[in-house]
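Worksheet: one structure, shown below.
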Amino acid sequence: MRLAGQAKGGFYPTPPRVVEYVRSLLFAPIRYGRNRNDIVRLIDPCCGPGDALRQLADSINRQVKVETYGVELHTERAQEAAEQLDHALSSDPFRCSIANRTFNLLWLNPPYDWDREDKRVEQAFLTHCSRYLEPDGVLVYIIPRNQLPTSARFLTTNYRRVRAWAFPEPEVEAFDQVVVLGVRKPQPRPDARAMRDLVESIDELTPLGNSLTPEYDVGISPPGPVMFTTRVIDFRKAVAEARKRGLWTQDEITEAFWPPTDLTARPLMPLRKGHLAMLVAAGFLDNLELETPDPGSGSGTGSRVLVKGQTKKEMVLVEEGETHDVYREQLRTSVVTLDLDSGRIERIEA
């Protein structure tokens with residue numbers, strides 16, 4: 001891959017004019033039967049920021065409801081796609097769980113490169129993602145012209161009415177790309193003649209342009225949930241989801257664990273010294289700064305102290321016997337004070 005392509009992660013967006021020309025090759029989806037909730041499902045496993053699929057969906061949405069699904073490995077582009085598409089995953093398409101034979105149109109503009117085994121990445125995406133298309137679903141496959149022979153056998157085995165068009169001028173000058181359209185066969189069946197015709201047409205492809213007429217019918221599907229998820233946990237997304245819908249969003253939980261700080265209660269009667277001692281020993285006043293009045297002036301502050309109380313159980317020997325000793329549990333209470341002015345520490349035990 002060229003250095004410029006590596007910098008972009010192999011991402012070469014489809015020009016808007018090419019998307020418009022491809023749309024002119026598609027018949028407007030028509031609802032069959034009486035179910036007004038039927039939809040068209042479009043999927044793009046290399047969606048980038050989602051521009052191409054969004055443009056295509058907007059042009060189809062005039063006739064029937066459309067749902068868009070996109071997968072993008074690049075994090076920032078995946079975030080942009082999430083704002084444009086109905087469903088978007090920030091993931092490697094090969095590490096996703098996506099329903100097979102479910103989508104009406106597969107828009108596939110894969111990275112142009114070799115993999116680690118010296119095989120073409122475009123072909124790997126084609127063989128992997130074709131399973132998402134329903135029988136009679138439409139494939140839109142965008143690749144460099146010189147890679148068309150590599151995919152010709154798979155295309156003509158798994159698709160019928162396979163035909164390629166060249167990019168128009170001046171877009172074709174960048175990578176000499178072609179757009180291949182085909183209709184998914186219910187079952188794979190080799191077609192040697194179709195493969196030969198496709199390969200022989202590589203140098204005489206008709207450019208995309210304004211004179212195109214619809215040739216491919218995009219079907220519709222019944223509504224309902226579709227499996228579309230990644231098999232890899234995105235921890236940032238999981239944390240965001242937990243903050244949005246997790247257990248801690250329930251008021252009864254948060255109030256139980258973290259009661260409001262401004263919630264105060266006033267006792268019916270003044271507390272006695274014994275009550276205050278119990279509060280200190282129980283730890284309710286831990287790390288609280290207490291001030292005592294200055295005995296000389298009668299007003300203002302005297303010493304300032306921090307207190308920490310503790311109550312624990314101890315086993316105390318109460319009776320020694322010939323065969324056994326008798327122990328009894330006793331509560332030991334201690335209070336530690338730290339004078340903030342002098343630094344003096346005092347310990348009181350009871």
Side-chain angles (χ1 to χ4, degrees), residues 13-72 78 80-89 91 93 96-110 125-126 128-142 155 158-163 165 179-186 208 212-229:
T14 308
R17 195 162 69 111
V18 172
V19 178
E20 181 181 348
Y21 289 152
V22 172
R23 172 64 181 93
S24 65
L25 291 168
L26 306 175
F27 284 105
I30 301 175
R31 287 191 177 93
Y32 301 99
R34 300 181 179 179
N35 191 349
R36 295 186 177 181
N37 295 321
D38 286 344
I39 58 178
V40 175
R41 295 192 181 99
L42 313 179
I43 184 170
D44 184 349
C46 312
C47 68
D51 295 333
L53 201 63
R54 180 74 270 156
Q55 181 182 346
L56 181 65
D58 289 343
S59 65
I60 294 177
N61 200 30
R62 302 165 188 168
Q63 289 81 26
V64 66
K65 181 180 178 181
V66 177
E67 281 188 358
T68 52
Y69 297 76
V71 184
E72 173 57 36
E80 295 180 40
E83 298 177 358
Q84 296 209 72
L85 306 181
D86 300 313
H87 309 274
L89 297 177
S91 176
C96 293
S97 293
I98 301 175
N100 296 335
R101 303 168 72 92
T102 302
F103 296 87
N104 305 104
L105 184 141
L106 168 62
W107 185 280
L108 187 56
N109 182 10
F125 271 87
L126 175 64
H128 179 82
C129 299
S130 288
R131 68 191 70 182
Y132 305 148
L133 266 180
E134 66 171 4
D136 296 327
V138 177
L139 166 72
V140 179
Y141 185 40
I142 303 174
L155 286 168
N158 292 272
Y159 295 88
R160 56 185 174 86
R161 296 174 55 204
V162 179
R163 184 179 172 187
W165 285 264
V179 178
V180 183
L181 271 73
V183 179
R184 178 82 186 276
K185 295 179 180 179
L208 293 169
L212 301 173
T213 57
E215 298 185 25
Y216 295 86
D217 188 2
V218 179
I220 58 177
S221 299
V226 172
M227 178 181 290
F228 186 74
T229 183

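- The nearest pair of heavy atoms linking W107 to P45 is O-CD, 3.4 Å.
- Not one N or O on the side chain of E80 forms a donor-acceptor pair closer than 3.5 Å with the backbone of G48.
- In this structure, E72 contributes its side chain and P49 its backbone to no donor-acceptor pair below 3.5 Å.
- Taking the ring-ring contact (aromatic ring centres under 6.0 Å, His included) definition, one finds that F125 meets it with F94, sequence neighbours left out.
- In this structure, T14 and I142 have side chains that are in contact, with non-hydrogen atoms separated by less than 4.5 Å.
- In plain terms, the two heavy atoms of N109 and C46 that are nearest each other are O-CB, 3.6 Å.
- In terms of heavy-atom proximity, V138 sits nearest to D217 at CG2-O, 3.6 Å.
- Residues I220 and I39 form no side-chain contact, since every pair of their non-hydrogen atoms from C-beta on lies 4.5 Å or further apart.
- Looking at heavy atoms from C-beta onward, F228 lies in side-chain contact with I43 at the 4.5 angstrom threshold.
- D38 and S221 share no side-chain donor-acceptor pair at under 3.5 Å.
- Minimum heavy-atom separation, A99 to T102: CB-OG1, 3.3 Å.
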- Task: With ring pair (Phe, Tyr, Trp, His ring centres under 6.0 Å) as the test, would you mind laying out the steps for Y216 and F27 before giving the verdict?
- Result: CA-CA 6 Å; Y216 295 86; F27 284 105; 8.7 Å; no
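- With hydrogens and angles ignored, the 3.5 Å screen pairs a side-chain donor or acceptor of R184 with a backbone N or O of S130.
- Counting heavy atoms from C-beta on, the side chains of L126 and P110 never come closer than 4.5 Å.
- With sequence neighbours excluded, no residue forms a ring-ring contact (aromatic ring centres under 6.0 Å, His included) with Y21.
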- Applying side-chain contact (heavy atoms from CB on, under 4.5 Å), run through L26 and L105 and close with a yes or a no. CA-CA 10 Å; L26 306 175; L105 184 141; 3.8 Å; yes
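- With a 4.5 Å cut-off on side-chain heavy atoms, V22 and L56 do not count as touching.
- For T68 (side chain) and D86 (main-chain N/O), a donor-acceptor pair under 3.5 Å exists by modelled atom type.
- Proximity of a side-chain donor or acceptor of N104 to a complementary backbone N or O of R41 within less than 3.5 Å is detected.
- Side-chain contact between D44 and L108 is absent, with no heavy atoms from C-beta onward closer than 4.5 Å.
- Within the 4.5 Å cutoff, the side chain of R101 has no heavy atoms near those of the R131 side chain.
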- Query: Under the side-chain contact (heavy atoms from CB on, under 4.5 Å) criterion, do L139 and L133 qualify, and how do the steps go?
  - Reply: CA-CA 8 Å; L139 166 72; L133 266 180; 4.1 Å; yes
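- Counting heavy atoms from C-beta outward, L42 and V66 have side chains that approach closer than 4.5 Å.
- Expressed to the nearest 0.5 Å, how far NZ of K185 lies from OH of Y159 amounts to 11.0 Å.
- Between R163 and E215, at least one side-chain N (NZ, or NE/NH1/NH2) sits under 4.0 Å from a carboxylate O, which counts as a salt bridge.
- Checked by atom type and distance alone, the side chain of R54 never pairs as donor or acceptor with a backbone atom of A57 at under 3.5 Å.
- Minimum heavy-atom separation, L89 to A78: O-CB, 4.4 Å.
- Taking all atoms of both residues into account, the shortest heavy-atom contact from L53 to Y69 is CD2-O, 3.4 Å.
- For R160, the side chain to side chain donor-acceptor pair (under 3.5 Å) test picks out D136, with sequence neighbours left out.
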